[in-house]
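Indexing begins at 1, ligand by ligand and atom by atom, following the structure's order. Here the structure is a predicted model, which is why all the values come from computation and not from measurement.
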Amino acid sequence: MGKILLSEKDIQKICEKLGKQLTEDLKDEERIPVFVGVLKGSVNFMMDLIKHVTIPIYTDYIQISSYRGVNSTGNVQLLKDISYDCEGRTVVIIEDIVDTGCSMAYLISHLETHKPKRVLVCALFNKEFERIKDVEVHYKGYELKDNAFLIGYGLDYYELERNVPCVYAVDEEDIQKLDDWISVHGM
Ligand code: IMP
Ligand code: MG
């Protein structure tokens, strides 16, 4: 396995810190805020993060597609919309990683059509230097300094490895192993 970037323990520390910050920042909201997880990559992060949010919240999920393998297509499609009425509420988008910002820019402008009070963004990873679209990440778990492709804890390579409990930066050998696995077992 390539270099481990975040261990399970590191991830739990980040979730605790961000959960406390969100609790503090949202404790005086008039209406109950809605945490919107972006399927499927944010599921692991969402589950661990919300354990540390100690005010009442609603949870919902949205699904988009834009990625194939290790390259972003920049072509974002809505696969599943939120099912909760977010009008007048603070919406917190929970995402695994904000890279070019294309997915997040789409998500923000889409969620704005639901007329929320405001939209906040919380991402486990941020790749500020890769931005094409100017989006702000209000709550950041880990700021990346180089352009490694990350896998594990929700982050996938052709849908594989989301179940790995830590996050690692892939090397050539990892990609080869996963490609071999796919060619033997199918997608
Ligand atoms: P963006 O639209 O370029 O900001 O890409 C955001 C989406 O691409 C995220 O929601 C991830 O699903 C995926 N993504 C970006 N970088 C990585 C990575 O290093 N590993 C796995 N998925 C990634
Ligand atoms: Mg994603």
(message) Taking salt bridge (charged side-chain N to carboxylate O under 4.0 Å, His left out) as the definition, give me every residue that meets it alongside Glu16, ordered by chain and number, with sequence neighbours left out.
(response) Lys20
[X] heavy atoms, cut-off 4.0 Å: which ligand 1 atoms fall inside?
{"X": "Leu150", "result": "18 (C), 19 (O), 20 (N), 21 (C)"}
{"X": "Ile97", "result": "6 (C), 9 (C), 10 (O), 11 (C), 14 (N), 15 (C), 16 (N), 17 (C), 23 (C)"}
{"X": "Thr100", "result": "1 (P), 2 (O), 3 (O), 4 (O)"}
{"X": "Asp156", "result": "21 (C)"}
{"X": "Ser103", "result": "1 (P), 2 (O), 5 (O), 6 (C), 7 (C)"}

(message) Just to check, does Met104 reach to within less than 4.0 Å of ligand 1 when the distance is taken from its heavy atoms?
(response) no
(message) If the contact criterion is a heavy-atom separation under 4.0 Å, does Gly101 count as touching ligand 1?
(response) yes
(request) Answer with yes or no whether the side chains of Asp10 and Ser7 bring together a donor and an acceptor at under 3.5 Å. (result) yes
(message) Whether the Tyr153 and Glu161 side chains hold a donor-acceptor pair (N or O, under 3.5 Å, no angle test) is what I'd like checked.
(response) no
(request) Return the option from Val167, Val170, Leu39, Leu155 holding the heavy atom at the smallest distance from atom 22 (N) of ligand 1. (result) Leu155
(request) Could you tell me which residues satisfy ring-ring contact (aromatic ring centres under 6.0 Å, His included) with Tyr142, sequence neighbours excluded, listed by chain and number? (result) Phe125
(message) Any heavy-atom pair between the side chains of Lys117 and Arg89 that's under 4.5 Å?
(response) no
(request) Taking the side chain as every heavy atom from C-beta outward, state whether Phe45 and Ile11 have any atom pair closer than 4.5 Å. (result) no
(request) May I ask you to identify, for Ile151, whether its side chain, its backbone, both or neither come under 4.0 Å of ligand 1 on a heavy-atom basis? (result) neither
(request) Mind checking whether Glu95 contacts ligand 1 via backbone (N, CA, C, O), side chain (CB onward), both or neither, at a 4.0 Å heavy-atom cut-off? (result) side chain
(request) Evaluate the ring planes of Tyr106 and His110, with Trp represented by its six-membered ring, and classify them as parallel (under 30°), tilted (30 to 60°) or perpendicular (over 60°). (result) parallel
